[in-house]
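Below is one structure, written out as structure tokens, with a few remarks after it.
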Amino acid sequence: KPVAIKSIELAIIEYGFSKGWIKPHTPQVRTGRKIVIIGSGPAGLAAAQQLNRAGHQVKIIERADRAGGLLVYGIPSMKLDKTEKVLRRIKLLAQEGIEFKYNTQVGKDVTLGELCQSNDAVILATGATRWRDMRNTPGRQLKNIVQAMDFLSATQKAHLDAEAGLQSKQRSKANFEVQGKRVIVIGGGDTAVDCVGTAVRLGAKSVLQFSRRDQAPTERPGHTPWPCWADTFRVDYAQAEVQALHGRDPREYLVSTKSFKASAEDANAVGAVVAAQLSKSGESKGEVEYPVDMVILAMGFTGPDNDVDPKGILQRDSHSNFKGAYGDYRSEASPWKGLFVAGDCRRGASLVVTAIAEGRDVANRVDTFLMGDSSLPRAAPLAANPTFFQIPRKGDSQPGLVQRFPRRRNMPQPVSDAYERGLLVEPVRIDEPEAEEATQAAQTQPAKGTAAPGPGPVTHALSGSAEPAARAPAPTPAPAPATLGSEMTAPTWLAAGFGGLCVLNAVLVVALMKSRK
């Protein structure tokens, strides 16, 4: 039977919070390196946590009035609790030393170039916020045809403001009141499902969900074998709620929107959706007119918007995402070498867990870029199997997909294996093996004019001992460093004290045995 890993992990962390085990831990030493993260979504928060615990000074810039990105304003509260889950974690990050700056639009209030020049590294984690539209559909200009993210953000903000007592101070300019209205959601993804659930909970009279696809089969089809996500029929929470309240599944399959008609009461507002009923082959079987009071467009996203980069300086891929190699994340063809991109703005709209993984992975690359090496964990196993994740391009001179940076001497404290608790090890001096080998080679180099020796000594990978190659003169062995297995001479006072303790222990044992007799 399948294991509910999500439920198990959730139970573990909630138990830890209930016991008071999850506490903020600030790093003991700061590196002095400044990092700015643009966007406070799952990728930005994950990267900030890792880099802060590595000792860097991290600042998150967010254009909204709250941190969290789509975790706060994109996902409804009934699906992800904001106070008990998201805001609780954000408070921990702030207590650990991460700085949050809200209501700041990069590209307007401050430019990307200014941030890159005044900081050691900048991470773009703005998400994929540019949505698909139906601009060429007749009647699209009518009122009450809204985008899904505008609808979800406004309703979520109103809910959070009401909890904080701000409902009378900050009100949305758009009218997203759906109580007693007929609502149609166009789209079949998770965002569309959230719009259906939000509309029915706000008291909509009826809710329909249009999908161009046919109903999925009940059995796993051949084109989605395990471990792929099975393309099978499912009933999500929103469809179940509509079924319970309105007596029918809200989904309308094989429907293609043709036009929007104005309402009889208001010529500027939408009153009906004209849609074509499609056959399984995609041919139209006729048009149907659906009466409606509000239409919500939830047809997916096409990459990040242009607010951060209004002049188009950054290079984009064929899907309009910021271009950066997976596993390296540095912005390609960027005039700033310390600029990294991660999350949905790099790979396109995806899952929250995927954004978190990229945020943790880009933290490793940024730490390596700044310090020469990193003990932060990798979330993308490129080094283990790079060709599984990315096909090498013809003409690539670099053998691997992950670029390594030279190790620097006297680097600050590396993060220990307990990085998740924010603990740092004591300062250590890390010597470069390459420098040691160069010193030994210089000591054994023959004088000028003498014959060159044969092949050098072959070093055993484990013991560190060297065996001379065939027909080569044996070099004078250097004294080996003290190891755990080598003989060590203890001080006389320490040996005498240890012997005295042994004698005293024997006397006490004998006395105890006599007393029992």
Side-chain angles (χ1 to χ4, degrees), residues 6 10 41-43 64 66 68-87 127-134 144-163 172 174-179 181-213 216 229 233-246 248-253 255 292-302 343-344 348-356:
K6 174 185 175 181
L10 179 60
R66 291 181 176 90
L70 66 87
L71 297 175
V72 171
Y73 287 139
I75 303 176
S77 296
M78 63 271 195
K79 196 173 182 180
L80 177 64
D81 188 274
K82 304 301 179 281
T83 304
E84 296 296 328
K85 299 294 188 298
V86 183
L87 299 182
T129 54
R130 187 165 58 182
W131 49 66
R132 291 187 176 92
D133 210 324
M134 303 179 69
N144 297 335
I145 302 177
V146 301
Q147 281 290 341
M149 289 309 301
D150 288 341
F151 173 72
L152 292 175
S153 299
T155 53
Q156 279 300 119
K157 178 174 173 53
H159 175 69
L160 294 175
D161 287 349
E163 289 185 342
S172 176
N175 180 21
F176 295 109
E177 180 63 43
V178 298
Q179 185 173 5
K181 295 183 178 181
R182 298 163 295 185
V183 179
I184 291 179
V185 180
I186 300 177
D190 291 336
T191 304
V193 171
D194 293 337
C195 291
V196 171
T198 301
V200 71
R201 288 184 177 230
L202 290 177
K205 180 180 178 180
S206 66
V207 182
L208 292 180
Q209 180 183 356
F210 284 1
S211 175
R212 292 176 58 90
R213 297 183 55 189
W229 176 257
F233 177 77
R234 293 178 176 85
V235 178
D236 215 319
Y237 76 99
Q239 287 111 19
E241 291 178 359
V242 175
Q243 177 74 40
L245 292 175
H246 299 163
R248 60 153 293 177
D249 192 301
R251 288 170 286 190
E252 290 280 335
Y253 299 102
V255 175
V292 68
D293 300 309
M294 177 175 286
V295 178
I296 302 175
L297 306 180
M299 301 173 295
F301 304 90
T302 60
D344 288 0
S350 186
L351 303 175
V352 171
V353 291
T354 306
I356 293 175

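Quick caveat: nothing in here was measured; it's all calculated off a predicted structure. We number each residue from 1, following the sequence as shown.
Atom CD1 in Ile296 sits 11.0 Å away from atom CG in Asp194 (nearest 0.5 Å). Between Ile184 atom CD1 and Leu297 atom CG the span is 11.0 Å, to the nearest 0.5 Å. In this structure, the separation between CD on Glu163 and OG on Ser77 is 6.5 Å, given to the nearest 0.5 Å. The distance from the CG atom of Asp344 to the CZ atom of Phe301 is 9.0 Å, given to the nearest 0.5 Å. For the atom pair CG (Leu202) and NE2 (His159), the distance works out to 10.5 Å, reported to the nearest 0.5 Å. Rounded to the nearest 0.5 angstrom, Met149 CE and Tyr73 OH are separated by 11.5 Å.
Looking at Val200 and His246, their side chains come closer than 4.5 Å, going by heavy atoms from C-beta outward. Between Leu208 and Arg248, the closest side-chain pair of non-hydrogen atoms falls below 4.5 Å. Side-chain contact between Met134 and Ile186 is present, with heavy atoms from C-beta onward closer than 4.5 Å. The shortest distance between side-chain heavy atoms of Val178 and Phe151 falls below 4.5 Å. The side-chain heavy atoms of Asn144 and Val292, taken from C-beta on, include no pair separated by under 4.5 Å.
In plain terms, the two heavy atoms of Val193 and Tyr237 that are nearest each other are CG1-CE2, 3.9 Å. Closest approach of Ala355 and Pro42 over heavy atoms only: CB-CG, 3.8 Å. Across Leu71 and Lys82, no two heavy atoms sit closer than the pair O-CE, 2.9 Å. Listed here is the closest heavy atom pair of Pro76 and Thr198: CG-OG1, 3.7 Å. When all heavy atoms of Cys195 and Ala148 are compared, the pair lying nearest together is SG-CB, 3.6 Å. Closest heavy-atom contact between Val196 and Pro250: CG1-CG, 4.3 Å.
The main-chain N or O of Gly187 is found under 3.5 Å from a side-chain atom of Gln209 such that the two form a donor-acceptor pair. At least one donor-acceptor pair closer than 3.5 Å links the side chain of Gln239 to the backbone N or O of Asp236. Using modelled atom types, one side-chain atom of Gln147 and one backbone atom of Arg132 make a donor-acceptor pair closer than 3.5 Å. Put simply, the side chain of Asp249 gets close to the backbone of Arg251: a donor and an acceptor are under 3.5 Å apart. A distance-only check finds no donor-acceptor pair linking the side chain of Lys85 to the backbone of Thr83 [under 3.5 Å]. No donor-acceptor pair under 3.5 Å is formed between the side chain of Gln156 and the backbone N or O of Gly74. In this structure a side-chain-to-backbone donor-acceptor pair under 3.5 Å is missing from Ser153 to Asp150.
Atom CZ of Arg212 is surrounded by 12 or fewer heavy atoms from other residues, nucleotides or ligands within 6.0 Å. No more than 12 heavy-atom neighbours from other residues, nucleotides or ligands sit within 6.0 angstrom of CZ on Arg213.
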